[in-house]
S.K.: 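This is the structure, below, for whatever I ask next.
Heavy-atom basis, side chains included; hydrogens, waters and symmetry copies ignored. Residue numbers count from 1 along this sequence. Start at 1 and go down the list; that is how both ligands and their atoms are numbered.
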Amino acid sequence: IIKACIFDLDGVIVDTAKYHYLAWNRLANELGFEFSIEHNERLKGVSRMTSLDILLEVGGLTYSNAEKVVMAARKNEWYLEYIYKMTPDEILPGVISFLTMLREKGIKISLGSASKNAMLILERVQLQSFFDAVIDGNKALKAKPDPQVFLLAAQELNENPTNCVVFEDAAAGIEAALAAGMKCIGIGSPEILGRADKVVPGFENANIELIKF
Ligand code: G6P
Ligand code: MG
(Lines give C-alpha, C1' and ligand atoms only; values in the text may rest on other atoms or scores of the structure.)
(Ligands and ions follow the chains in the order given, each with its own letter.)
Protein backbone atom coordinates (compact mmCIF):
# COMPACT_ATOMS: atom_id res chain seq x y z
CA ILE A 1 0.00 0.00 0.00
CA ILE A 2 1.34 3.41 -0.99
CA LYS A 3 1.95 5.80 1.91
CA ALA A 4 4.29 8.29 0.28
CA CYS A 5 4.73 9.94 -3.09
CA ILE A 6 8.11 11.18 -4.27
CA PHE A 7 8.13 13.67 -7.12
CA ASP A 8 10.91 14.52 -9.49
CA LEU A 9 10.78 18.27 -10.19
CA ASP A 10 11.97 19.10 -13.69
CA GLY A 11 9.50 17.70 -16.22
CA VAL A 12 7.06 16.42 -13.60
CA ILE A 13 5.97 19.46 -11.60
CA VAL A 14 7.31 22.19 -13.88
CA ASP A 15 8.74 22.23 -17.38
CA THR A 16 12.23 23.54 -16.74
CA ALA A 17 13.76 21.33 -19.45
CA LYS A 18 13.15 24.17 -21.91
CA TYR A 19 15.19 26.56 -19.74
CA HIS A 20 17.98 24.02 -19.25
CA TYR A 21 18.02 23.59 -23.02
CA LEU A 22 18.19 27.32 -23.74
CA ALA A 23 21.06 27.80 -21.30
CA TRP A 24 23.00 24.74 -22.50
CA ASN A 25 22.56 25.74 -26.13
CA ARG A 26 23.84 29.22 -25.33
CA LEU A 27 26.98 27.61 -23.95
CA ALA A 28 27.26 25.34 -27.01
CA ASN A 29 26.91 28.35 -29.32
CA GLU A 30 29.71 30.10 -27.46
CA LEU A 31 31.85 27.02 -27.93
CA GLY A 32 31.04 27.10 -31.65
CA PHE A 33 28.35 24.48 -32.16
CA GLU A 34 24.60 23.98 -32.03
CA PHE A 35 23.19 21.63 -29.39
CA SER A 36 20.15 20.37 -31.24
CA ILE A 37 16.92 19.79 -29.31
CA GLU A 38 16.99 16.05 -30.14
CA HIS A 39 19.94 15.65 -27.78
CA ASN A 40 18.04 17.32 -24.95
CA GLU A 41 16.34 14.10 -23.86
CA ARG A 42 19.73 12.80 -22.74
CA LEU A 43 20.09 15.66 -20.26
CA LYS A 44 16.87 14.93 -18.43
CA GLY A 45 17.38 13.73 -14.88
CA VAL A 46 21.16 13.75 -15.05
CA SER A 47 23.36 16.03 -12.96
CA ARG A 48 24.72 19.37 -14.10
CA MET A 49 28.26 18.09 -14.63
CA THR A 50 27.11 14.96 -16.46
CA SER A 51 24.92 17.16 -18.66
CA LEU A 52 28.00 19.21 -19.52
CA ASP A 53 29.96 16.05 -20.37
CA ILE A 54 27.15 14.97 -22.74
CA LEU A 55 27.08 18.43 -24.33
CA LEU A 56 30.84 18.43 -24.88
CA GLU A 57 30.69 14.91 -26.29
CA VAL A 58 28.06 16.07 -28.81
CA GLY A 59 30.31 19.00 -29.72
CA GLY A 60 33.35 16.74 -29.95
CA LEU A 61 35.25 18.90 -27.44
CA THR A 62 37.46 18.11 -24.45
CA TYR A 63 38.21 20.43 -21.54
CA SER A 64 39.94 20.19 -18.17
CA ASN A 65 37.93 19.81 -14.99
CA ALA A 66 38.73 23.36 -13.93
CA GLU A 67 37.44 24.69 -17.25
CA LYS A 68 34.31 22.56 -16.98
CA VAL A 69 33.52 23.92 -13.52
CA VAL A 70 33.62 27.46 -14.95
CA MET A 71 31.42 26.47 -17.92
CA ALA A 72 28.82 24.79 -15.70
CA ALA A 73 28.68 27.84 -13.47
CA ARG A 74 28.10 30.13 -16.45
CA LYS A 75 25.35 27.89 -17.77
CA ASN A 76 23.74 27.97 -14.34
CA GLU A 77 23.79 31.77 -14.26
CA TRP A 78 21.92 31.86 -17.56
CA TYR A 79 19.54 29.18 -16.35
CA LEU A 80 18.82 31.15 -13.18
CA GLU A 81 17.80 34.18 -15.23
CA TYR A 82 14.88 32.10 -16.48
CA ILE A 83 14.15 30.57 -13.09
CA TYR A 84 13.90 33.93 -11.34
CA LYS A 85 11.13 34.85 -13.78
CA MET A 86 9.06 31.71 -13.07
CA THR A 87 5.58 32.09 -11.59
CA PRO A 88 2.96 29.63 -10.26
CA ASP A 89 1.40 29.69 -13.76
CA GLU A 90 4.18 27.35 -14.83
CA ILE A 91 3.09 24.48 -12.60
CA LEU A 92 2.10 21.69 -14.98
CA PRO A 93 -1.64 20.99 -15.42
CA GLY A 94 -3.29 18.91 -12.70
CA VAL A 95 -0.31 19.01 -10.31
CA ILE A 96 -1.88 21.24 -7.65
CA SER A 97 -5.12 19.28 -7.47
CA PHE A 98 -3.21 15.99 -7.34
CA LEU A 99 -0.99 17.24 -4.48
CA THR A 100 -4.04 18.60 -2.66
CA MET A 101 -5.78 15.23 -2.98
CA LEU A 102 -2.70 13.43 -1.58
CA ARG A 103 -2.60 15.76 1.41
CA GLU A 104 -6.29 15.19 2.10
CA LYS A 105 -5.71 11.42 2.06
CA GLY A 106 -2.78 11.74 4.49
CA ILE A 107 -0.19 10.56 1.98
CA LYS A 108 3.28 11.97 2.58
CA ILE A 109 4.94 14.01 -0.15
CA SER A 110 8.61 14.48 -0.96
CA LEU A 111 10.64 15.99 -3.72
CA GLY A 112 13.43 13.85 -5.20
CA SER A 113 15.36 15.96 -7.67
CA ALA A 114 18.91 16.06 -8.99
CA SER A 115 18.69 19.83 -9.24
CA LYS A 116 20.66 22.11 -6.94
CA ASN A 117 18.11 24.80 -7.80
CA ALA A 118 15.10 22.77 -6.63
CA MET A 119 14.34 24.86 -3.52
CA LEU A 120 14.48 28.07 -5.48
CA ILE A 121 12.10 26.69 -8.12
CA LEU A 122 9.63 25.46 -5.47
CA GLU A 123 9.69 28.92 -3.93
CA ARG A 124 9.18 30.65 -7.26
CA VAL A 125 6.11 28.55 -8.06
CA GLN A 126 4.95 28.63 -4.42
CA LEU A 127 4.69 24.90 -3.84
CA GLN A 128 7.02 24.47 -0.83
CA SER A 129 4.16 24.03 1.64
CA PHE A 130 3.05 20.75 0.02
CA PHE A 131 6.34 18.98 0.72
CA ASP A 132 7.10 17.08 3.91
CA ALA A 133 10.65 16.54 2.67
CA VAL A 134 12.83 17.96 -0.09
CA ILE A 135 15.79 15.97 -1.34
CA ASP A 136 17.68 17.87 -4.02
CA GLY A 137 21.05 17.85 -5.71
CA ASN A 138 22.66 19.45 -2.67
CA LYS A 139 21.61 16.57 -0.41
CA ALA A 140 21.86 13.62 -2.80
CA LEU A 141 25.35 13.45 -4.18
CA LYS A 142 24.97 10.34 -6.34
CA ALA A 143 23.19 11.04 -9.61
CA LYS A 144 20.21 9.06 -10.89
CA PRO A 145 20.10 6.16 -11.91
CA ASP A 146 21.64 5.71 -8.46
CA PRO A 147 18.70 5.31 -6.03
CA GLN A 148 20.24 7.55 -3.36
CA VAL A 149 17.96 10.56 -3.89
CA PHE A 150 14.79 8.47 -3.49
CA LEU A 151 16.14 6.40 -0.58
CA LEU A 152 16.99 9.62 1.27
CA ALA A 153 13.45 10.85 0.63
CA ALA A 154 11.96 7.66 2.08
CA GLN A 155 14.27 7.96 5.07
CA GLU A 156 13.31 11.56 5.71
CA LEU A 157 9.61 10.65 5.45
CA ASN A 158 10.24 7.66 7.70
CA GLU A 159 8.66 5.28 5.20
CA ASN A 160 9.70 1.90 3.85
CA PRO A 161 10.77 2.20 0.18
CA THR A 162 8.21 -0.46 -0.78
CA ASN A 163 5.44 1.92 0.38
CA CYS A 164 6.69 4.74 -1.84
CA VAL A 165 5.89 5.63 -5.43
CA VAL A 166 8.12 7.84 -7.56
CA PHE A 167 6.89 10.15 -10.34
CA GLU A 168 9.53 10.62 -13.03
CA ASP A 169 9.86 11.95 -16.57
CA ALA A 170 13.38 10.67 -17.25
CA ALA A 171 14.63 7.18 -18.02
CA ALA A 172 17.48 7.62 -15.50
CA GLY A 173 14.91 8.46 -12.82
CA ILE A 174 12.80 5.40 -13.56
CA GLU A 175 15.90 3.23 -13.15
CA ALA A 176 16.70 4.99 -9.87
CA ALA A 177 13.19 4.34 -8.54
CA LEU A 178 13.33 0.67 -9.50
CA ALA A 179 16.76 0.33 -7.90
CA ALA A 180 15.31 1.87 -4.72
CA GLY A 181 12.68 -0.89 -4.65
CA MET A 182 9.87 1.62 -5.16
CA LYS A 183 6.91 1.70 -7.50
CA CYS A 184 7.28 4.19 -10.26
CA ILE A 185 5.02 6.14 -12.56
CA GLY A 186 6.40 7.61 -15.75
CA ILE A 187 5.18 11.06 -16.75
CA GLY A 188 5.51 11.28 -20.52
CA SER A 189 5.72 8.80 -23.33
CA PRO A 190 5.81 4.99 -22.96
CA GLU A 191 8.56 4.72 -25.59
CA ILE A 192 11.00 6.47 -23.26
CA LEU A 193 9.58 5.37 -19.91
CA GLY A 194 8.61 1.78 -20.73
CA ARG A 195 10.28 0.34 -17.63
CA ALA A 196 7.94 2.23 -15.27
CA ASP A 197 5.05 0.39 -13.55
CA LYS A 198 2.64 2.81 -15.23
CA VAL A 199 3.04 5.66 -17.70
CA VAL A 200 0.65 8.62 -17.94
CA PRO A 201 0.96 11.79 -20.04
CA GLY A 202 0.51 14.07 -17.00
CA PHE A 203 -1.60 14.76 -13.90
CA GLU A 204 -4.71 16.03 -15.63
CA ASN A 205 -7.65 13.98 -14.31
CA ALA A 206 -5.30 11.97 -12.07
CA ASN A 207 -6.93 10.61 -8.92
CA ILE A 208 -6.14 8.15 -6.13
CA GLU A 209 -6.51 5.22 -8.55
CA LEU A 210 -3.21 6.27 -10.12
CA ILE A 211 -1.27 5.17 -7.03
CA LYS A 212 -3.03 1.84 -6.59
CA PHE A 213 -1.01 -1.11 -7.82
C1 G6P B 1 17.20 17.79 -13.19
C2 G6P B 1 17.11 18.00 -14.68
C3 G6P B 1 18.46 17.88 -15.33
C4 G6P B 1 19.46 18.79 -14.63
C5 G6P B 1 19.57 18.42 -13.17
C6 G6P B 1 20.52 19.32 -12.41
O7 G6P B 1 17.37 16.43 -12.94
O8 G6P B 1 16.22 17.09 -15.27
O9 G6P B 1 18.34 18.23 -16.68
O10 G6P B 1 20.73 18.69 -15.24
O11 G6P B 1 18.28 18.51 -12.59
O12 G6P B 1 19.96 20.60 -12.33
P13 G6P B 1 20.68 21.87 -11.76
O14 G6P B 1 19.54 22.83 -11.55
O15 G6P B 1 21.34 21.49 -10.47
O16 G6P B 1 21.67 22.32 -12.77
MG1 MG C 1 12.88 15.21 -14.52
S.K.: Relative to the heavy atoms of N117, which atoms of ligand 1 are at a distance of less than 4.0 Å?
M.R.: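 Ligand 1 atoms under the 4.0 Å threshold to N117: 13 (P), 14 (O).
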S.K.: Under 4.0 Å from a heavy atom of L43: give me the atoms of ligand 1 that qualify, with their elements.
M.R.: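 Per the distance check, 3 (C), 9 (O).
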S.K.: Tell me the protein heavy atom at minimum distance from atom 10 (O) of ligand 1, and give that distance in Å.
M.R.: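 For this ligand atom, the closest protein heavy atom is V46 O, 2.7 Å.
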S.K.: Is a donor on one side and an acceptor on the other found under 3.5 Å between the side chain of S110 and the backbone of A133?
M.R.: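 Checked: pair present.
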S.K.: For Y79 and ligand 1, does the shortest N/O to N/O distance drop below 3.5 Å?
M.R.: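 Checking ligand 1 against Y79, no N or O pair falls under 3.5 Å apart.
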S.K.: Near R195 CZ, under 6.0 Å, is it more than 12 heavy atoms from other residues, nucleotides or ligands?
M.R.: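 Open.
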S.K.: Run the contact test for S51 against ligand 1 with a 4.0 Å cut-off on heavy atoms, strictly below, and give the result.
M.R.: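 True for this residue.
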S.K.: Among I6, L210, V95, D8, which residue meets the side chain to side chain contact (heavy atoms under 4.5 Å, CB included) test with F167?
M.R.: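 Testing F167 for a side chain to side chain contact (heavy atoms under 4.5 Å, CB included) against I6, L210, V95, D8 leaves exactly one candidate, L210.
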S.K.: Are F98 and F203 near enough that their ring centres are under 6.0 Å apart?
M.R.: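 Yes, the ring centres sit under 6.0 Å apart.
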S.K.: Is the closest basic N to carboxylate O distance between E77 and R74 below 4.0 Å?
M.R.: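 Looking at E77 and R74, the cut-off is not met.
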S.K.: Please report whether ligand 1 has a polar contact with R48, defined as an N or O pair separated by less than 3.5 Å (distance criterion only).
M.R.: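 Yes, at least one N or O pair falls under 3.5 Å.
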S.K.: Where on K116 is there a heavy atom closer than 4.0 Å to ligand 1, on the side chain, on the backbone, on both, or on neither?
M.R.: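 The answer is both.
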S.K.: Are R124 and E90 within salt-bridge range, i.e. N to O under 4.0 Å?
M.R.: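 Looking at E90 together with R124, the answer is no, because their closest N to O distance does not fall below 4.0 Å.
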S.K.: Which residue and atom name correspond to the protein heavy atom nearest atom 2 (C) of ligand 1, and how close is it?
M.R.: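 Scanning the protein heavy atoms, the shortest distance from atom 2 (C) of ligand 1 goes to D10 OD2, 3.5 Å.
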S.K.: With no hydrogens and no angle check, just 3.5 Å: does a side-chain donor-acceptor pair link N117 and D136?
M.R.: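 Absent: no donor and acceptor within the cut-off.
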S.K.: Nearest 0.5 angstrom please: L157 CG to I107 CD1, how far?
M.R.: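 The CD1 atom of I107 is 12.0 Å from CG of L157, to the nearest 0.5 Å.
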S.K.: In this structure, does ligand 1 have an atom that sits under 4.0 Å from one of the heavy atoms of G45?
M.R.: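 Yes, G45 has heavy atoms under 4.0 Å from ligand 1.
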S.K.: Just by distance, with hydrogens left out, do H20 and K75 show a side-chain donor and acceptor under 3.5 Å apart?
M.R.: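 Yes, because at least one side-chain N or O of H20 sits under 3.5 Å from a partner of the opposite role on K75.
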S.K.: Should we say atom NZ of K105 is surrounded by more than 12 heavy atoms from elsewhere, each under 6.0 Å from it?
M.R.: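 Not more than 12 within 6.0 Å, no.
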S.K.: Does D8 reach ligand 1 with a nitrogen or oxygen that is under 3.5 Å from one of the ligand's nitrogen or oxygen atoms?
M.R.: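 In fact, backbone or side chain, D8 has no N or O that close.
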S.K.: Are F7 and F150, when compared by the centres of their aromatic rings, separated by less than 6.0 Å?
M.R.: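 No.
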S.K.: Give me the number of protein N, O or S atoms whose distance to the Mg ion (ligand 2) is under 2.8 Å.
M.R.: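 Number of qualifying protein atoms: 3.
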S.K.: Please determine, by modelled atom types, if T100 and S97 share a side-chain donor-acceptor pair under 3.5 angstrom.
M.R.: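 Absent: no donor and acceptor within the cut-off.
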S.K.: Answer yes or no: does an N/O atom from S113 fall short of 3.5 Å to an N/O atom of ligand 1?
M.R.: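 Not met; the criterion fails.
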S.K.: Considering A118, S115, A143 one by one, which has a heavy atom nearer to atom 6 (C) of ligand 1 than any of the others?
M.R.: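 Of the listed residues, S115 has the closest heavy atom.
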